[in-house]
Amino acid sequence: MNKKQIYKGEILTRTKVKNNILGFYLNSSQEDRRDWYGDANNFAKSLADRYNISVNKSTGVIAALSPVKTWSQNMICAEKMIAVGKSYHMRAFEDKAKRILSSSGSDESILAILRGSKISSFYLNILYPTNTENITIDRHALSVSLGKWTTDADYQGMTKTQYQFFVDCFKYTAKQIEISPLLLQSSTWEAFRKIKSNYKQ
């Protein structure tokens, strides 16, 4: 595990990122600290049951259509895609979803279609909510890690090494407070989302 990383010209230490993550976690509510990925897994299973497809495929469609969408929008897009073959999302993301629906449905085939660290991790976290090997680092998770509001430009261009550094920081922090790193990531994500929403109001 790297203890130091340079991101967008800023020198980050594992301790600094840990303290930023802890700050958001300590300010999260009990409502934030729920089994978010477990709930998402139940939603993916419900789609699979309703439309007679594998949960791998329903989860893959959710992940493919997740960029630039809130979770509520993501759920709507995923169900539309599975039900009628169109989600009204951007074509590039719809194309991935269509390819997933016509794939073999294996993890390997779906991950090959998704590509990208963020949406691949999102797929694996929802499909396997008790497996802590992968952590979803999206823009909110980056904001939590850096302790500041980030932009799309701040997130773009993240290398695999940098992505893994933030994953390792969440795992390291979770170990310190003895909780699942997925619970830590989702709890701090919810806490940041509320702060962002309140700020916009």
Side-chain angles (χ1 to χ4, degrees), residues 1-28 32-33 36-37 40 62-71 74 90 92-93 96 107-108 110-129 131-200:
M1 178 190 295
N2 292 331
K3 295 184 179 181
K4 187 178 293 185
Q5 183 63 242
I6 297 176
Y7 190 76
K8 303 292 183 179
E10 182 179 357
I11 299 174
L12 300 171
T13 63
R14 184 176 65 176
T15 299
K16 181 178 181 180
V17 175
K18 177 201 72 174
N19 289 340
N20 289 336
I21 294 171
L22 276 178
F24 279 96
Y25 181 73
L26 294 174
N27 281 291
S28 64
D32 297 330
R33 300 176 188 181
W36 192 94
Y37 286 107
I62 291 168
L65 299 173
S66 64
V68 301
K69 295 295 182 184
T70 65
W71 175 237
N74 192 182
M90 298 178 194
F93 302 130
K96 286 190 176 186
D107 284 346
E108 292 77 15
I110 292 174
L111 290 171
I113 294 168
L114 289 174
R115 306 177 67 183
S117 298
K118 182 264 177 183
I119 57 174
S120 294
S121 294
F122 196 51
Y123 166 78
L124 292 168
N125 288 162
I126 294 175
L127 189 60
Y128 305 109
N131 186 321
T132 60
E133 181 63 28
N134 299 278
I135 309 293
T136 301
I137 305 297
D138 61 1
R139 213 182 94 190
H140 280 12
L142 177 63
S143 296
V144 168
S145 299
L146 299 181
K148 63 182 181 183
W149 195 316
T150 59
T151 65
D152 287 337
D154 293 322
Y155 187 79
Q156 289 172 358
M158 185 185 296
T159 66
K160 288 185 178 180
T161 300
Q162 290 168 334
Y163 189 97
Q164 189 59 47
F165 171 74
F166 293 118
V167 168
D168 290 340
C169 285
F170 268 96
K171 290 181 178 180
Y172 175 72
T173 307
K175 187 175 182 180
Q176 302 297 304
I177 55 177
E178 299 181 329
I179 66 169
S180 161
L182 266 65
L183 177 59
L184 177 62
Q185 184 266 315
S186 62
S187 299
T188 54
W189 190 97
E190 288 286 357
F192 180 81
R193 181 185 63 81
K194 288 180 179 178
I195 291 171
K196 183 178 179 182
S197 178
N198 291 336
Y199 180 82
K200 285 186 175 181

* Passes side-chain contact (heavy atoms from CB on, under 4.5 Å), Ile113 versus Tyr123? Steps please. -> CA-CA 11 Å; Ile113 294 168; Tyr123 166 78; over 6 Å; no

Using 0.5 Å steps for rounding, measure from the [atom1] atom of [X] to the [atom2] atom of [Y].
X	Y	atom1	atom2	result
Thr136	Trp36	OG1	CH2	8.0 Å
Arg139	Leu146	CZ	CG	11.5 Å
Lys171	Ser180	NZ	OG	10.5 Å
Met90	Lys96	CE	NZ	12.5 Å
Met158	Phe165	CE	CZ	11.0 Å
Tyr7	Leu12	OH	CG	9.5 Å

How close do [X] and [Y] get, counting heavy atoms only, and between which atoms?
X	Y	answer
Leu111	Ser120	CD2-CB, 3.8 Å
Ser117	Tyr163	O-OH, 3.3 Å
Ser66	Asn74	CB-OD1, 3.3 Å
Pro67	Ile119	CG-CG2, 3.9 Å
Ile21	Thr188	O-CG2, 3.7 Å
Ile135	Pro181	CD1-CB, 3.6 Å

* Asked: Taking Arg33 for the side chain and Leu183 for the main chain, is one N or O donor matched with an acceptor at less than 3.5 Å?
  -> no

* Asked: So, the side chain of Asn134 versus the backbone of Asn125: is there a donor-acceptor pair under 3.5 Å, distance only?
  -> no

* Asked: For atom CG of Leu26, is the number of surrounding heavy atoms from other residues, nucleotides or ligands below 6.0 Å larger than 12?
  -> yes

* Would you mind reporting whether Arg193 and Thr70 have side-chain heavy atoms less than 4.5 Å apart? => no

* Is the shortest heavy-atom distance from the side chain of Ile110 to the side chain of Leu127 under 4.5 Å? -> no

* Intermediate values then yes/no, side-chain contact (heavy atoms from CB on, under 4.5 Å), Val144 and Phe166 -> CA-CA 10 Å; Val144 168; Phe166 293 118; over 6 Å; no

* **From CA spacing to verdict: side chain to side chain donor-acceptor pair (under 3.5 Å), Asp138, Tyr155** => CA-CA 8 Å; Asp138 61 1; Tyr155 187 79; over 6 Å; no

* Check against side chain to side chain donor-acceptor pair (under 3.5 Å), Tyr37 and Gln185 -> CA-CA 10 Å; Tyr37 286 107; Gln185 184 266 315; 2.5 Å; yes

* Could you tell me whether Asp154 and Lys148 have a side-chain N and a carboxylate O separated by less than 4.0 Å? => no

* **Where at least one partner belongs to residues 16-27, residue pairs that pass side chain to side chain donor-acceptor pair (under 3.5 Å), sequence neighbours excluded** => Glu10-Lys16

* Parallel, tilted or perpendicular: which describes the rings of Trp149 and Phe192, with under 30° parallel and over 60° perpendicular? -> perpendicular

* Worked check of side-chain contact (heavy atoms from CB on, under 4.5 Å) between Phe170 and Ser145 -> CA-CA 8 Å; Phe170 268 96; Ser145 299; 3.4 Å; yes

* List the steps, then state whether side-chain contact (heavy atoms from CB on, under 4.5 Å) holds for Ile177 with Leu184. => CA-CA 9 Å; Ile177 55 177; Leu184 177 62; 4.1 Å; yes

